[in-house]
Number of protein chains: 2
Amino acid sequence: MSSDTREKMVMSTALLLREHGLTGTSVRDVIDHSGAPRGSIYHHFPDGKVQLVEEAVALAGDAITSGIRQLTSEDGDPVAAIRTFVSVMRHVLVSTDFRGGCPVVAVAAESPADREEQVRLSNVTARVFTDWNAAMAEGLVAKGIEPARAKSLATLLIASIEGAVVMCRAQHSTVPLDDVESELVALATNSLDGLV
Amino acid sequence: MSSDTREKMVMSTALLLREHGLTGTSVRDVIDHSGAPRGSIYHHFPDGKVQLVEEAVALAGDAITSGIRQLTSEDGDPVAAIRTFVSVMRHVLVSTDFRGGCPVVAVAAESPADREEQVRLSNVTARVFTDWNAAMAEGLVAKGIEPARAKSLATLLIASIEGAVVMCRAQHSTVPLDDVESELVALATNSLDGLV
DNA sequence: GTCTATACGAAGATAGAC
DNA sequence: GTCTATCTTCGTATAGAC
């Protein structure tokens, strides 16, 4: 089955991206890591590396979006969404011995020299960040926070978790993420109670 | 004067790193950008690219540390330090048309395949993040916040600003950083007033 | 769909002249 | 200190057979 090979390649790309970054991840690496047949890359991904990366970012990003939506929808709890988001990131850090982070950030933090590539990739990363933000914000609004505040609060949540992940990689420790989590939980709780 | 050439090379490295990342920045690029003589790189930097990057991260990182210390020392104001940190980042984003971010994050977000390189670079990035954190935390403690809380609050400040910068690059907009700034200023103000 | 072979450029680094 | 030339490896991508 060919679609199986395709999926494996996209998955491998996401795993390699979060560790070595955009330029640091080569098509060769993806082939080796996925065990995919060498001659099939440009069959499945006519646009080559850019397309592979686009799909990997979308895959990883949409998975997070779904997670947030599930935890915040209906009778959900935004604080649980925060904890889950943090847990996912912490697991990635620990399981890669602090060599891996978030593939979306990895791509967003590098600007390729090639213009077209730059545009295509920032389009995906921007969409993912917007989705995360909307999902988080909706959960907060459902709990009584006003839309404008919910949006900026959601941005703070996402930005700080992502920033903490980078700090954890540098320090080979989950402490930055742990600290950010407790601060965020306290802040979100207070905000939901109308205290702040 | 040779030290002039040296400084230019380190400076150029920092500028290129924040835009293209670790793997995306080549020694050739640094030579071209700095206008330095081609044959002098390995004279000034015997360890080649790693050394160049180490010094660039330290240069950029220490400049921020100094900025924070100046604004928080003595009769200083932690909120002013936040605003200044944000201003610096916003200027980088706008002046590079959202193609450039923070060189420290750029390096910390990529794990080189080479072990020794990985160790050397995470040593610098870790030190810089620790310095930023200590500088911010000290400013908060001086204003009456208890040490443990100051440390985690400082981490939140730094992580969220850095995370927001990455989001801004993706979205070609300063809105994420603007939102984070207002949230942080509010939080810091409340914390200093003993409200939270 | 998948193979092997290969084109072509760019990467980091070094040698040896000046 | 700086030059030019070059070694070697690796990057993306393509060609043409199977």
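Throughout, protein chains are lettered first and strands after them, A, B, ... in sequence-line order, and every chain is numbered starting at 1.
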Undergrad: Take atom CD of A/E117 and atom P of D/dA13, then tell me their distance rounded to the nearest Å.
TA: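 Going from A/E117 (CD) to D/dA13 (P), I get 8 Å.
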Undergrad: Could you check whether A/T23 gets within reach of a base, just the sugar-phosphate, or nothing at all, counting any heavy atom under 4.0 Å?
TA: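 Counting heavy atoms under 4.0 Å across all strands, no contact is made by A/T23.
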Undergrad: Ignoring hydrogens, what is the shortest heavy-atom contact between B/T5 and B/P37? Give both atom names and the distance.
TA: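 Closest approach of B/T5 to B/P37: CG2-CD, 3.9 Å.
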Undergrad: With nearest nucleotides of DNA chain D determined for A/V50 and B/A36 from heavy-atom distances, which residue corresponds to the more 5′ nucleotide?
TA: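 The residue whose closest nucleotide sits nearer the 5' end is B/A36.
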Undergrad: Rounding to an integer number of Å, can you tell me how far B/R6 CZ sits from D/dT2 P?
TA: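 It works out to 12 Å between those atoms.
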Undergrad: So which nucleotide from D/dT2, C/dC3, C/dG1 ends up closest to the side chain of B/T5?
TA: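 For the B/T5 side chain, the nearest candidate turns out to be D/dT2.
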Undergrad: For C/dC3 and A/H43 - does any side-chain N or O of the residue sit under 4.0 Å from the phosphate oxygens OP1/OP2?
TA: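 False: A/H43 side-chain N/O out of range (4.0 Å or more) of C/dC3 OP1/OP2.
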Undergrad: Looking at B/D47 and B/R120, is any side-chain nitrogen of the basic one under 4.0 Å from a carboxylate oxygen of the acidic one?
TA: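 Between B/D47 and B/R120 there is a salt bridge, with a charged N closer than 4.0 Å to a carboxylate O.
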Undergrad: Using a 4.5 Å cut-off on heavy atoms from C-beta on, say whether the side chain of A/E162 contacts that of A/F85.
TA: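 Contact flag for A/F85/A/E162 side chains = yes.
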Undergrad: Calculate the interatomic distance between A/I41 atom CD1 and C/dT2 atom C1'; express it in whole Å.
TA: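 Going from CD1 in A/I41 over to C1' in C/dT2 covers 12 Å.
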Undergrad: Mind calculating the distance between CG (A/L52) and C1' (D/dA13) to the nearest angstrom?
TA: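 Going from CG in A/L52 over to C1' in D/dA13 covers 14 Å.
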Undergrad: Ion pair present between A/R169 and A/D97, side-chain N to carboxylate O less than 4.0 angstrom?
TA: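 Looking at A/D97 together with A/R169, the answer is no, because their closest N to O distance does not fall below 4.0 Å.
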Undergrad: Measure from the side-chain heavy atoms of A/H44 and tell me the nearest of C/dT4, C/dA13, C/dG1.
TA: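 Selected nucleotide (nearest to the side chain): C/dG1.
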Undergrad: Does D/dG11 have its OP1 or OP2 closer than 4.0 Å to a side-chain nitrogen or oxygen of A/S26?
TA: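 Yes.
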Undergrad: Identify which nucleotide among C/dA11, D/dG11, C/dG12 has an atom closest to any side-chain atom of B/D29, counting heavy atoms from C-beta outward.
TA: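 Comparing C/dA11, D/dG11, C/dG12 against the side chain of B/D29, the answer is C/dA11.
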Undergrad: If I take atom NZ in residue A/K49 and atom P in nucleotide D/dT14, what distance separates them, rounded to the nearest angstrom?
TA: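 These atoms are roughly 15 Å apart.
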Undergrad: Which one, C/dT2, C/dG12, D/dT4, comes nearest to the side chain of B/R38?
TA: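 Out of C/dT2, C/dG12, D/dT4, the nucleotide with an atom closest to B/R38's side chain is D/dT4.
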Undergrad: Picking from D/dT2, D/dA13, C/dA13, which would you name as closest to the side chain of B/Y42?
TA: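 So the nucleotide nearest the side chain must be C/dA13.
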Undergrad: Would you mind reading off the distance between A/I31 atom CD1 and C/dA5 atom P, rounded to a whole angstrom?
TA: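 My rounded result for the distance is 15 Å.
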Undergrad: Between A/L16 (CG) and D/dG11 (C1'), how many Å, whole number?
TA: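 Taking atom C1' of D/dG11 as the reference, CG of A/L16 is at 15 Å.
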Undergrad: Please report, rounded to the nearest Å, how far the C1' atom of C/dG1 is from the NZ atom of A/K8.
TA: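 Value for this atom pair: 15 Å.
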Undergrad: Between A/V185 and A/V79, which heavy-atom pair has the shortest distance, and what is it?
TA: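 Reported closest heavy-atom pair: CG1-CG1, 4.0 Å.
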